[in-house]
Amino acid sequence: MQQKSHSTLQRRKVTARSTLPLFFLLLFASLIAAYGHAEDAQGKSILVFGDSLSAAYGIDEEAGWVNLLAEQMIIRELPHRVSNASVSGETTSGGLARLPAILDQQKPDIVILELGGNDGLRGLPIRNIRQNLLAMIDLIEASGAQTILAGIQIPPNYGPRYTGPFASIFPEIAQERDLLLVPFLIEGIPEHAELMQNDGIHPVAEAQPIVVENVWPVLERAL
């Protein structure tokens with residue numbers, strides 16, 4: 001009788017030991033899943049890297065489209081974070097020099113790249129603008145982030161021989177590198193004088209929600 005009880009006890013111990021690895025495996029899997037859900041809940045970090053069109057030139061910063069985009073995240077109860085590293089007057093060469101430190105500091109998941117307008121206004125070579133944009137895209141991708149390219153156009157008084165090839169840079173790069181593209185950041189604004197500042201280049205505060213409307217459908221695909 002004692003021998004039988006002893007054998008039963010031994011079997012129970014063996015069974016308990018055999019279930020321990022399974023228990024810890026299930027526990028580990030549940031922790032990994034919980035961590036993944038926590039990461040998703042934190043949302044993505046979105047960095048806008050541009051020039052005066054994104055730096056709220058001539059208007060209050062709070063009225064700028066980047067700040068309005070951040071407010072949209074709150075309104076829509078989305079966990080994504082928006083930061084702005086845009087500088088008025090920035091060129092593609094200046095952006096290329098500045099970008100590595102920004103990527104290292106911000107560690108974004110998505111970068112909305114909005115540069116090239118100041119290059120175009122200065123009549124800089126199309127080839128150079130293209131090379132600088134491609135180099136910045138390489139840096140963004142190397143950091144593990146996704147690029148959304150924002151298309152820019154310059155006033156027609158620069159002549160079709162320059163404005164045409166300039167405007168084509170952005171869709172060509174987007175197609176070549178398989179990027180999401182905002183075709184024209186300020187689409188629907190320049191043709192309305194009341195929506196533009198006196199310089200004829202920068203939208204007024206009342207036009208900034210339109211910029212958000214231009215950006216949002218493309219950004220939503222990335223999110």
Side-chain angles (χ1 to χ4, degrees), residues 46-76 78 80-92 94-95 98 102 108 110-124 129 132-133 136 147-160 162-171 173-174 179-223:
I46 303 160
L47 172 68
V48 179
F49 191 73
D51 52 33
S52 55
L53 290 177
S54 300
Y57 176 85
I59 61 176
D60 290 337
E61 184 177 351
E62 292 76 12
W65 76 266
V66 179
N67 186 65
L68 297 182
L69 179 64
E71 291 180 354
Q72 276 294 312
M73 298 298 175
I74 298 173
I75 293 171
R76 295 171 183 263
L78 296 173
H80 313 301
R81 303 173 304 285
V82 180
S83 58
N84 195 358
S86 303
V87 174
S88 293
E90 187 72 285
T91 60
T92 56
R98 196 165 56 91
I102 296 294
I110 298 171
V111 177
I112 300 177
L113 180 59
E114 180 273 299
L115 283 174
N118 288 308
D119 299 65
L121 293 175
R122 298 178 185 184
L124 298 180
I129 302 171
N132 289 336
L133 287 171
M136 284 187 280
T147 305
I148 296 177
L149 189 60
I152 304 296
Q153 298 177 19
I154 55 176
N157 59 292
Y158 280 76
Y162 187 81
T163 58
F166 175 83
S168 298
I169 294 174
F170 305 95
I173 289 178
L179 304 177
L180 291 174
L181 173 71
V182 179
F184 182 27
L185 182 70
I186 58 172
E187 180 74 43
I189 298 175
E191 57 266 35
H192 301 285
E194 70 276 11
L195 296 179
M196 299 294 290
Q197 298 182 38
N198 292 334
D199 60 14
I201 297 173
H202 300 95
V204 297
E206 289 76 13
Q208 300 297 310
I210 300 176
V211 183
V212 177
E213 291 175 4
N214 292 338
V215 171
W216 179 254
V218 182
L219 176 59
E220 190 173 29
R221 290 169 60 189
L223 296 177

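- Residues forming a side chain to side chain donor-acceptor pair (under 3.5 Å) with Arg81 (at least two apart in sequence, or on another chain): none.
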**Report entry** From CA spacing to verdict: side-chain contact (heavy atoms from CB on, under 4.5 Å), Leu115, Met136
**Finding:** CA-CA 10 Å; Leu115 283 174; Met136 284 187 280; 3.9 Å; yes

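- The closest side-chain heavy-atom distance from Met73 to Val82 is below 4.5 Å.
- At a threshold of 4.5 Å between non-hydrogen side-chain atoms, the residues Tyr57 and Asp51 do not count as touching.
- Between the side chains of Asp119 and Thr92, a donor-acceptor pair is found at a separation under 3.5 Å.
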Side chains of residues 63-70: which donor-acceptor partners sit under 3.5 Å, not counting sequence neighbours?
unit_1 : atom_1 : unit_2 : atom_2 : d
Trp65  : NE1    : Leu53  : O      : 3.2
Trp65  : NE1    : Ser54  : OG     : 3.3
Asn67  : ND2    : Glu62  : O      : 2.7
Asn67  : ND2    : Glu71  : OE2    : 3.3

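- In this structure, Leu47 and Pro108 approach most closely via the heavy-atom pair CB-CB, 3.7 Å.
- Gln153 places none of its side-chain heavy atoms less than 4.5 Å from the side chain of Phe170.
- A pairwise comparison of heavy atoms in Ser52 and His202 identifies OG-NE2, 2.6 Å as the closest pair.
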Let me check something: any side-chain donor-acceptor pairs from residues 181-195 under 3.5 Å, sequence neighbours excluded? List them with distances.
none

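- Listed for the Tyr158 side chain is a donor-acceptor partner under 3.5 Å among the backbone atoms of Leu121.
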### Task
Test side-chain contact (heavy atoms from CB on, under 4.5 Å) on Leu149 and Ile112 and set out the steps.
CA-CA 6 Å; Leu149 189 60; Ile112 300 177; over 6 Å; no

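- Around CG of Asn198, the count of heavy atoms belonging to other residues, nucleotides or ligands within 6.0 Å does not exceed 12.
- Considering only heavy atoms from C-beta on, Pro203 stays 4.5 Å or farther from Gln197 through its side chain.
- The structure places CG of Asn132 at 9.0 Å from CG of Leu124, a figure rounded to the nearest 0.5 Å.
- The two atoms that bring Asn118 and Glu90 nearest to each other are ND2-O, 2.7 Å, heavy atoms only.
- Considering only heavy atoms from C-beta on, Leu219 comes within 4.5 Å of Ile148 through its side chain.
- Scanning all heavy atoms of the two residues, the minimum distance from Met196 to Gly200 falls at CE-O, 3.4 Å.
- Within the 4.5 Å cutoff, the side chain of Ile110 has heavy atoms near those of the Leu223 side chain.
- Ser86 contributes no side-chain N or O that, together with a main-chain N or O of Ala55, makes up a donor-acceptor pair within less than 3.5 Å.
- Classification of the Phe166-Tyr162 ring pair by plane angle, with boundaries at 30° and 60°, yields parallel.
- When every heavy atom of Ile59 is checked against every heavy atom of Val204, the shortest pair comes out as CG2-C, 4.2 Å.
- Distance check, rounded to the nearest 0.5 Å: CD of Glu114 to CD1 of Ile152 gives 4.5 Å.
- Atom CZ of Arg221 is surrounded by 12 or fewer heavy atoms from other residues, nucleotides or ligands within 6.0 Å.
- Note that CD of Gln208 is 11.0 Å distant from CG of Asp60, once rounded to the nearest 0.5 Å.
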